Amino acid sequence: MSQQPAQKGFTLWFTGLSGAGKSTIAQLVAQELEARGRRVEILDGDEVRQHLSKGLGFSKEDRDTNVQRIAYVASLLTRHGAAVIVAAISPYQKARAWARERIGEFVEVYVRCPLEVCAARDVKGLYQKAYAGEIPQFTGVSDPYEPPVDPELIVDTHRETPTESAAKVIHRLEQLGYLSPAPDSAPSWLERESHWLKAKSAHADGH
Ligand code: ADP
């Protein structure tokens, strides 16, 4: 009986402000990874806080505990070959560095977006409440956010569409050897954005 070679697990760790686009990109990337036969698990910050981290607050200590718990679960799944996607604000650099060390196969993506744009999007109506003083310790408004020092990738969601950002993530995973290049059956958005990415990098090379 022929067996497929085991695929290497990894954790794709999206960090960024609330409303920056972590969940949106996570969903698009997950679809594409599943289409390529990967087993995918998304650990989304909001959901984690309802289950795994129920009862934790937003002090630095609780935020660090939250990230440590996510990293613990992600490390177990990664060890078994899963493609794990974490979408959590995870505002502290040290806690993310700890997660990187714990997980090993770690791809940090800074989902970058100016605070004003996130606040204008106000996907969940939280910024309005935070600016009104109704939510204490709200990241970016009344609590710190420490950007990644040396992430594997940065996506700029105020000037990219969700599919552009997702395509950048997929290409980075291919570059890092976690994913084989796209099959012919790649979804139309990925094919479209791949042309855009190639054109952009040719431009950057001065061609
Ligand atoms: P987060 O998970 O970081 O809190 P969400 O994914 O819930 O953020 O919300 C991001 C919002 O920004 C969505 O309404 C999405 O459509 C919009 N958006 C605009 N451009 C992008 C992009 N390039 N990537 C992701 N989301 C984007």
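For reference, positions follow the sequence shown, starting with 1. Note that the structure is a prediction, hence the values are computed from the model and not measured. Both ligands and their constituent atoms are indexed starting at 1 by order of listing.
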Give the protein residues with at least one non-hydrogen atom closer than 4.0 Å to an atom of ligand 1, ordered by chain and number. L17, S18, G19, A20, G21, K22, S23, T24, I25, R121, V123, K124, T157, E160, T161, P162, S165
Among side-chain atoms of T11 and T78, is any donor-acceptor pair under 3.5 angstrom? yes
Within 45 degrees of the ring normal and closer than 6.0 Å to the centroid, is that where the cationic atom of R49 sits relative to F58? yes
4.5 Å side-chain heavy-atom contact, P148 and T15: yes
With ring pair (Phe, Tyr, Trp, His ring centres under 6.0 Å) as the test, would you mind laying out the steps for F138 and Y131 before giving the verdict? CA-CA 9 Å; F138 193 80; Y131 281 116; 8.2 Å; no
Under a 4.0 Å threshold between the charged nitrogen and the carboxylate oxygen, would R172 count as salt-bridged to E152? no
In terms of heavy-atom contacts, P144 and T139 come closest through O-CG2, 3.7 Å
